[in-house]
Amino acid sequence: MTTNGSAELVIVANRLPVDRVTHDDGSSEWRVSPGGLVTALEPIMRANEGVWVGWPGGTDVDGEPFEHDGMTLVPIALSALEVERFYEGFSNATIWPLYHDLVAKPEFHREWWDSYVDVNRRFAERAAANAAENATVWVQDYQLQLVPQLLRELRPDLRIGFFLHIPFPPAELFQQLPWRRQILEGLLGADLVGFQLPGGAANFVRLVRQRVGHKTHRDLVYLPDNRTVRAEAFPISIDYEGFARLAKSASVQDRAASIRKQLGDPGTVFLGIDRLDYTKGIYSRLRAFSELLRDGELDVEDSVFVQVATPSRENVEEYRVLRDEIDRLVGHINGDYGRIGRPAISYLHSSYPREEMAALYRAADVMVVTPYRDGMNLVAKEYVACRYDENGALVLSEFAGAAAELRQAWQVNPYDLNGMKAALLAAATADPRDRQRRMRAMRRTVRQADVAAWAKAFLDELDEVRPPHGKKLKPTLTA
Ligand code: GDG
């Protein structure tokens with residue numbers, strides 16, 4: 001065993017928390033990509049001289065570690081073939097649809113799997129090389145499910161946590177995977193395996209019992225080498241205060257007002273914001289809205305649907321097909337129901353800064369979040385955080401992880417078109433006091449369980465499952 005790193009905390013995620021931005025003059029720089037994960041982990045990273053291991057995007061960046069904003073980032077380069085097989089292939093065309101209830105058909109290719117193993121090994125090696133003795137390593141998400149085991153083989157001294165951001169499917173689906181056993185064993189390299197919901201943790205433990213044959217009791221797995229692994233739910237959240245503050249800023253309020261004005265000051269603004277992904281249920285929500293126009297329940301003079309679809313995974317075939325389908329549907333709906341200066345759907349295939357997102361949340365009367373399956377769905381929580389006026393209605397799919405916490409939303413089954421129509425209408429026409437009561441309760445929930453609490457709960461539990469040999473992690477610099 002060689003210990004050649006000095007970091008007490010190593011985060012291993014598919015992507016580094018920065019993007020390479022190229023300027024007009026050809027120069028380029030790294031810019032932090034603002035996500036909940038970075039926000040939550042940054043203070044703990046700084047306090048513990050943490051290191052973040054991940055892919056910087058692209059195919060041409062070499063692997064020298066660099067400092068950015070007080071964090072040490074270790075870039076792992078992927079070749080073009082690895083991007084195709086490991087990332088677009090096994091991660092996003094095998095695991096992603098399989099873990100999301102087969103919303104699309106997963107493809108199984110042996111050369112994709114081989115690439116997944118190779119890349120996971122490289123991530124594990126880089127993490128091993130950076131971790132101090134007895135350090136904590138926290139591995140993130142479905143692209144890296146083999147890393148815990150590979151890392152443990154290299155560094156049995158480490159405390160290893162894993163968190164899955166997407167759903168973990170029931171045995172009936174998971175067993176289709178030709179490499180099911182290897183994935184389960186990969187995850188069992190961790191001391192603590194975290195899921196969004198208790199159901200995911202239960203699916204995992206049941207599969208480990210059935211497929212790998214280990215003894216289990218409730219949320220614990222007993223391994224032959226006397227190690228135990230705990231599987232538990234840690235529902236992820238957002239930087240509540242950050243969003244609330246942004247929403248209250250004068251510039252965001254002005255921008256929200258001007259968005260409504262540009263939309264023609266309609267009575268009701270419906271809003272959807274999603275990565276353009278087939279799990280998000282964009283198609284059926286737009287259909288539900290268009291049927292309400294057709295039925296005369298809503299009128300384009302008074303209602304508009306703003307749909308932001310952030311470009312995503314554009315090299316994966318299913319995503320290209322989906323984009324064309326949505327383009328066609330929006331064209332149809334606007335052709336059938338729009339009037340001059342009054343499109344029924346204002347469709348934006350683009351990504352925006354966080355300020356613009358907050359302004360959109362502020363401008364929307366009804367937020368429509370209708371995934372067929374979603375690990376959590378942060379958009380729903382962000383909307384709630386931005387509604388400091390306690391106004392605004394949330395229509396939320398039962399199949400988003402967030403539905404377990406946001407009980408007061410208008411919950412819908414996204415496969416039930418009539419049910420969705422009824423919920424859209426009910427949310428749009430609800431009594432203001434009813435809307436306020438629901439929003440107030442949801443705001444309390446998200447405020448009390450923000451992303452910092454999520455990270456702390458996970459790391460505290462990891463301490464408990466495998467007590468630290470040396471010093472404990474410092475929660476933050478200031479605390
Ligand atoms: C996965 C799981 C789980 C979107 N467009 C823009 C933008 N966004 C931001 C949103 C939100 C995030 O991206 C999307 O998070 P979601 O949770 O909605 O969905 P996934 O991307 O599928 O995330 C999911 C999550 O991991 C965390 O565990 O909740 O279930 O699938 O924060 O605001 N942000 C900016 N511009 C955009 O155009 N700035």
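Order of listing sets the numbers, starting from 1, for every ligand and every atom in it. Heads up: numbering here begins at 1 and tracks the sequence.
In this structure, the ring of Phe163 has its center no less than 6.0 angstrom from the ring center of Phe234. Taking the six-membered ring for Trp and the full ring otherwise, Tyr283 and Tyr278 have centroids separated by 6.0 Å or more. In summary, the aromatic rings of Trp96 and His100 are positioned with their centroids under 6.0 Å apart.
Checking only distances, Ser351 never comes within under 3.5 Å of ligand 1, N or O to N or O. Close N/O approach between Ser350 and ligand 1 is not found [any backbone or side-chain N/O within under 3.5 Å]. Taking any N or O of Lys280, backbone or side chain, at least one lies under 3.5 Å from an N or O belonging to ligand 1. Close N/O approach between Phe163 and ligand 1 is not found [any backbone or side-chain N/O within under 3.5 Å]. In terms of polar-atom proximity, Pro353 is not counted as a contact of ligand 1, lacking any N or O under 3.5 Å from an N or O of the ligand. The shortest N/O to N/O separation between Trp96 and ligand 1 does not fall below 3.5 Å. Polar contact with ligand 1: absent for Ile166 (N/O pair, distance under 3.5 Å).
Remark: Arg245 CZ is loosely packed, at most 12 non-hydrogen atoms of other residues, nucleotides or ligands lying under 6.0 Å away. Atom NE2 of His332 sits in a sparse spot, with 12 or fewer heavy atoms from other residues, nucleotides or ligands closer than 6.0 Å.
For ligand 1, the atoms sitting less than 4.0 Å from at least one non-hydrogen atom of Ile236 are 27 (C), 28 (O), numbered in the order shown with element in parentheses. The Arg275 neighbourhood of ligand 1 comprises atoms 20 (P), 21 (O), 22 (O), with distances under 4.0 Å to a heavy atom of that residue. Residue Gly375 approaches ligand 1 through these ligand atoms, each under 4.0 Å from one of its heavy atoms: 30 (O). Atoms of ligand 1 lying under 4.0 Å from any heavy atom of Gln196, numbered from 1 in the order shown and given with element: 3 (C), 28 (O).
Residue Glu356 places every heavy atom at 4.0 Å or more from ligand 1. Residue Phe243 places no heavy atom under 4.0 Å from ligand 1.
At a threshold of 4.0 Å, the pair Arg407-Glu398 does not count as salt-bridged, since none of the basic side-chain nitrogens sits closer than that to a carboxylate oxygen. Note on Glu318 versus Arg313: no salt bridge recorded, every NZ/NE/NH1/NH2 to OD/OE distance being 4.0 Å or above. Taking 4.0 Å as the cut-off between side-chain N and carboxylate O, Arg31 and Asp19 do not count as a salt-bridged pair.
Using modelled atom types, one finds a donor on one side chain and an acceptor on the other under 3.5 Å when comparing Asp277 with Tyr319. A side-chain donor from one of Ser28 and Arg20 sits under 3.5 Å from a side-chain acceptor of the other.
Of all the heavy atoms of Met376, the ones lying under 4.0 Å from any atom of ligand 1 are found in both the backbone and the side chain. By the criterion of a heavy-atom distance under 4.0 Å, the side chain of Thr310, and not its backbone, is placed next to ligand 1. With a 4.0 Å heavy-atom cut-off, ligand 1 is reached by the backbone of Val379 and by its side chain too.
With distances taken over non-hydrogen atoms, the option nearest atom 11 (C) of ligand 1 out of Arg354, Glu382, Arg373 is Glu382.
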Evaluate the criterion salt bridge (charged side-chain N to carboxylate O under 4.0 Å, His left out) for residue pair Asp463 and Arg159; output intermediate values, then yes/no. CA-CA 8 Å; Asp463 271 357; Arg159 196 146 26 118; 2.2 Å; yes

